[in-house]
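Here the structure is laid out as structure tokens; the discussion comes afterwards.
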Amino acid sequence: MKQEKNTAIVLAAGQGKRMNSRIQKQFLEIDHRPVLYYSLECFQKSPLIQDIILVTGEKMISYCKKEIVERYNFTKVTKVIAGGKERYDSVYQGLLACEDCDYVFIHDGARPFVTEAMLERGVFGVQETGACAIGMPSKDTIKISDKEGFVQSTPDRSRVWSVQTPQIFAYSLIRSAHESLRRKDMTGVTDDAMVVEQESGVRIRLVEGSYQNIKITTPEDLDIAETFLKKYKKM
């Protein structure tokens with residue numbers, strides 16, 4: 001029986017404009033190591049992942065190969081490639097670079113606290129429909145506003161999730177969904193689950209991530225990440 005091949009596509013091409021730093025957020029340091037290091041380490045150690053494709057800015061390819069992949073001996077990183085203008089462009093380039101892949105784990109390199117337990121739950125989730133998103137139930141009451149900034153509606157909080165990454169898909173499903181999307185107006189597309197929702201109609205299984213699986217977006221997030229990391233070291 002053929003063993004399934006799982007590929008992680010790690011996105012590290014974002015500019016991080018809200019960070020107010022000359023250094024892209026995924027290359028800022030938490031405890032003397034770049035943010036990007038931590039998610040790559042998780043995929044490197046996981047027996048569920050066979051190879052990793054790192055997608056970064058064209059000018060950062062050499063840096064990533066030398067200062068991250070080689071320096072930290074991430075042997076599962078088989079390709080470091082240039083992304084595109086938008087997130088969905090970078091994902092598409094990563095999908096094109098996959099080889100003989102059954103499932104693909106698409107992850108934001110600015111989320112350092114992905115864990116093996118999340119990957120395991122994601123595998124079980126994706127086997128149900130071919131599409132799975134990691135996330136957590138919202139702690140906050142969410143308001144939907146109208147164009148003038150007034151409350152239009154309040155969704156039932158018990159059914160509202162904050163979606164995270166990785167998002168996991170059967171390769172053929174996510175590849176065909178992205179190719180279908182690229183023939184249309186891609187305005188407003190913010191994650192890969194949305195691509196599958198729009199282009200295939202396949203139901204997305206939501207599985208539990210962690211409230212600590214934060215995305216480093218603003219300077220405050222780095223302070224929070226330092227606190228989380230100290231907690232992990234004590235465990």
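For the numbers below, each heavy atom of this structure counts, side chains included, while hydrogens, waters and symmetry mates do not.
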Inset, instruction - Mind listing the closest non-hydrogen atom pair of V160 and D156 along with its distance? - result: CG2-O, 3.4 Å
Inset, instruction - Taking all non-hydrogen atoms of both residues into account, name the closest pair between F113 and A225 and its distance. - result: CZ-O, 3.4 Å
Legend entry - Inter-residue atom distance C64.SG - I81.CD1, 0.5 Å rounding: 11.5 Å
Legend entry - Closest contact, heavy atoms only, I61 versus A82: CD1-N, 3.7 Å
Inset, instruction - Give a yes or no answer on whether the side chain of N213 reaches the backbone of T165 with a donor-acceptor pair at less than 3.5 Å. - result: yes
Inset, instruction - Indicate, with yes or no, if I214 and Y37 share a hydrophobic cluster defined by side-chain heavy-atom contacts under 4.5 Å among Ile, Leu, Val, Met, Phe, Trp and Tyr. - result: yes
Inset, instruction - Take the angle between the ring planes of F43 and F105 and call it parallel below 30°, perpendicular above 60°, tilted in between. - result: perpendicular
Inset, instruction - Might you confirm whether atom CD of E120 has over 12 heavy atoms from other residues, nucleotides or ligands at distances under 6.0 Å? - result: yes
Inset, instruction - Can you see which heavy atom on Q152 is nearest to which on D146, and at what distance? - result: OE1-CB, 3.5 Å
Legend entry - OH/Y63: more than 12 non-hydrogen atoms of other groups inside 6.0 Å: yes
Legend entry - Heavy-atom donor-acceptor pair, K79 side chain to A97 backbone, under 3.5 Å: yes
Legend entry - S162 side chain reached by D140 side chain, heavy atoms, under 4.5 Å: no
Inset, instruction - Count the heavy atoms of every other residue, nucleotide or ligand shown that sit under 6.0 Å from CZ of R87, and state whether that count exceeds 12. - result: yes
Inset, instruction - State yes or no: do Y211 and V207 share one hydrophobic cluster built from I, L, V, M, F, W and Y residues joined by side-chain heavy-atom distances below 4.5 Å, directly or via other members? - result: no
Inset, instruction - Report whether I168 and L40 are members of the same hydrophobic cluster (ILVMFWY, side-chain heavy atoms less than 4.5 Å apart, transitive linking). - result: yes
Legend entry - Joint cluster assignment, I134 & V163, ILVMFWY side-chain distance < 4.5 Å: no
Legend entry - No-hydrogen, no-angle side-chain donor-acceptor test under 3.5 Å, Q50 and T7: no
Legend entry - Heavy-atom pair with the smallest gap, counting every atom of G83 and V55: CA-CG1, 3.4 Å
Legend entry - K230 bridged to E226 by N-O distance under 4.0 Å: no
Inset, instruction - Identify the two heavy atoms, one from V114 and one from P166, that lie closest to each other, and give their separation to 0.1 Å. - result: CG2-CD, 3.7 Å
Legend entry - Flag side-chain contact, heavy atom, 4.5 Å: R203 against E128: no
Legend entry - Polar side-chain atom of S176 near backbone of S172 as donor-acceptor pair, under 3.5 Å: yes
Legend entry - Distance, nearest 0.5 Å, that separates CG of L95 from CD1 of I53: 8.0 Å
Inset, instruction - Go through the side-chain N and O atoms of S210 and Q212 and say whether any donor and acceptor fall under 3.5 Å apart. - result: no
Inset, instruction - Would you kindly say whether D192 and Q167 are connected by a side-chain donor-acceptor distance under 3.5 Å? - result: no
Legend entry - Lys NZ or Arg CZ of R182 over Y92 ring: under 6.0 Å, within 45°: yes
Legend entry - Side chain proximity check, K184 to E199, heavy atoms < 4.5 angstrom: yes
